[in-house]
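This report concerns only the one structure given below.
Here is how names work: the chains are called A, B, and so on, in the same order as the sequence lines, proteins then strands, and each is numbered from 1.
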Amino acid sequence: MKIATWNVNSLRARADRVEAWLQRTDCDVLAIQETKCKDDNFPWELFERMGYEVAHFGVSQWNGVAIASRVGLDDVERTFLDQPVFGKNGKDAVQEARAIGATCGGIRVWSLYVPNGRALNDEHMPYKLGWLDALRAHAEGRLQAEPEAQIALMGDWNIAPQDDDVWDIDYFRTEGLTHVSEPERAAFRAFENAGFLDVVRPHTPGPGVYTYWDYTQLRFPKKEGMRIDFVLASPALAARVTGAAIDREERKGKGASDHAPVIVELSD
DNA sequence: ATGGTTGGGATCCAA
């Protein structure tokens with residue numbers, strides 16, 4: 001069985017790429033981030049054609065998460081327990097479409113698009129940290145209630161947990177950039193402390209191994225990327241992992257997303 | 001030559 005996560009940066013713009021990728025990768029469950037659409041213009045037929053059930057959570061042209069599965073898709077949850085809302089200057093706070101969960105083939109799968117944070121002193125940063133803490137509390141609660149549960153927290157975490165997860169940590173420090181700050185890294189570690197494991201890194205060791213390359217500055221050809229997309233697995237699920245890969249090829253060519261898909265292989 | 005992109009109820013905002 002294969003499960004994967006992919007920030008597609010607009011599902012409509014990427015429809016042909018996604019279809020071709022599903023075709024050749026033959027994966028059973030795909031967690032998608034940044035569909036950038038509402039249900040009205042979601043490409044339902046693409047997944048139908050390919051034999052996948054799909055659940056989507058999209059409220060505007062921003063964000064949007066989905067789960068496609070051909071091993072069942074049950075008990076869909078849109079947003080997690082106490083998921084924080086966001087509004088500029090604290091006004092008109094809305095629940096953003098950043099988390100969807102479903103049970104697929106016995107695995108509780110979450111497709112997650114962690115808030116970007118934007119800048120260390122931006123109001124999006126406390127939102128990001130609070131969002132992560134609430135997700136951690138939710139996931140930890142589920143795991144404590146059922147220690148044998150198979151849970152996959154996968155998506156775009158917008159955090160580079162280690163210095164080698166960016167091409168030049170000094171550049172990030174000098175510029176005072178997000179994704180590498182101690183509070184963000186602490187928020188990520190809290191998931192590991194709660195019992196969730198990064199099951200991809202052991203199969204794709206760095207340095208120089210990334211999941212995202214900025215469109216600007218010719219980051220991809222210059223091999224200047226970031227490892228920010230992760231699959232965190234509960235212990236029972238982690239025990240089933242037989243391999244993992246980052247599909248860097250998918251970042252190549254015209255019409256690529258700025259993120260590569262991340263795939264995890266599981267024993268039956 | 002020190003920049004260079006891509007996407008969206010778009011002509012700016014987000015990444």
Side-chain angles (χ1 to χ4, degrees), chain A residues 5-21 31-44 46 56-66 84-89 91-99 111-129 131-132 154-160 165-168 170-172 174-181 184 187-188 210-230 248-262:
Chain A
T5 182
W6 189 8
N7 180 326
V8 297
N9 183 19
S10 171
L11 190 50
R12 283 172 292 165
R14 221 68 65 206
D16 292 348
R17 281 252 189 183
V18 170
E19 182 161 3
W21 187 87
I32 302 166
Q33 298 87 43
E34 282 209 86
T35 62
K36 283 187 168 176
C37 65
K38 302 180 192 178
D39 281 353
D40 298 352
N41 39 27
F42 186 92
W44 303 102
L46 184 163
H56 177 232
F57 179 31
V59 295
S60 69
Q61 75 271 44
W62 307 121
N63 316 307
V65 283
V85 295
F86 181 81
K88 276 206 164 75
N89 306 312
K91 284 190 285 198
D92 304 320
V94 295
Q95 192 67 260
E96 296 182 314
R98 296 181 174 277
S111 178
L112 305 165
Y113 182 40
V114 175
N116 177 284
R118 301 197 184 185
L120 294 181
N121 62 356
D122 192 287
E123 59 184 328
H124 287 84
M125 184 53 71
Y127 169 55
K128 176 181 194 173
L129 298 174
W131 197 96
L132 284 162
M154 41 193 200
D156 176 358
W157 291 74
N158 271 318
I159 299 172
D165 294 337
V166 296
W167 76 92
D168 182 358
D170 293 336
Y171 174 77
F172 279 72
T174 307
E175 298 291 319
L177 300 180
T178 59
H179 293 57
V180 297
S181 74
E184 290 167 280
F188 188 84
Y210 310 121
T211 65
Y212 162 86
W213 299 260
D214 199 314
Y215 284 127
T216 68
Q217 310 287 123
L218 296 178
R219 292 294 185 212
F220 185 65
K222 282 153 75 175
K223 304 188 192 309
E224 297 177 341
M226 303 167 71
R227 189 199 288 255
I228 55 174
D229 300 87
F230 296 95
R248 192 179 167 280
E249 291 300 302
E250 182 54 44
R251 180 63 179 79
K252 294 180 179 174
K254 198 172 152 56
S257 168
D258 42 3
H259 293 254
V262 178

(message) It should be established whether A:K88 places a side-chain nitrogen or oxygen under 4.0 Å from OP1 or OP2 of nucleotide B:dA14.
(response) yes
(request) Answer yes if the side chains of A:Q33 and A:T5 hold a donor-acceptor pair under 3.5 Å, and no otherwise. (result) yes
(request) Taking only the side-chain nitrogens and oxygens of A:T216, find out if one of them lies under 4.0 Å from OP1 or OP2 of B:dG4. (result) no
(request) Report yes if the distance between the aromatic ring centroids of A:H179 and A:F172 is under 6.0 Å, otherwise no. (result) no
(request) For A:Y212, report the nucleic acid contact type (base, sugar-phosphate, nothing); a contact means any heavy atom under 4.0 Å. (result) nothing
(request) Looking only at side-chain atoms of A:R118, point me to the closest of B:dT6, B:dA14, B:dG7. (result) B:dA14
(message) Taking only the C1' atom of each, what is the distance from B:dC12 to B:dT6 in whole angstrom?
(response) 14 Å
(message) Taking 4.0 Å as the cut-off, does a side-chain nitrogen or oxygen of A:R12 come that near to OP1 or OP2 on B:dG7?
(response) no
(request) Between B:dA15, B:dG7, B:dG4, spot the one nearest the side chain of A:K222, thanks. (result) B:dG4
(request) Using the C1' atom on both, measure B:dG4 against B:dT11 and round to a whole Å. (result) 22 Å
(request) Ignoring backbone atoms, establish whether A:R219 has a side-chain N or O less than 4.0 Å from OP1 or OP2 of B:dT5. (result) no
(request) Assess A:R227 against A:F188: is NZ or CZ under 6.0 Å from the centre of the six-membered ring, and within 45 degrees of the ring's axis? (result) no
(message) Can you tell me which nucleotide in B:dG4, B:dA15, B:dG7 comes closest to the side chain of A:R98?
(response) B:dA15
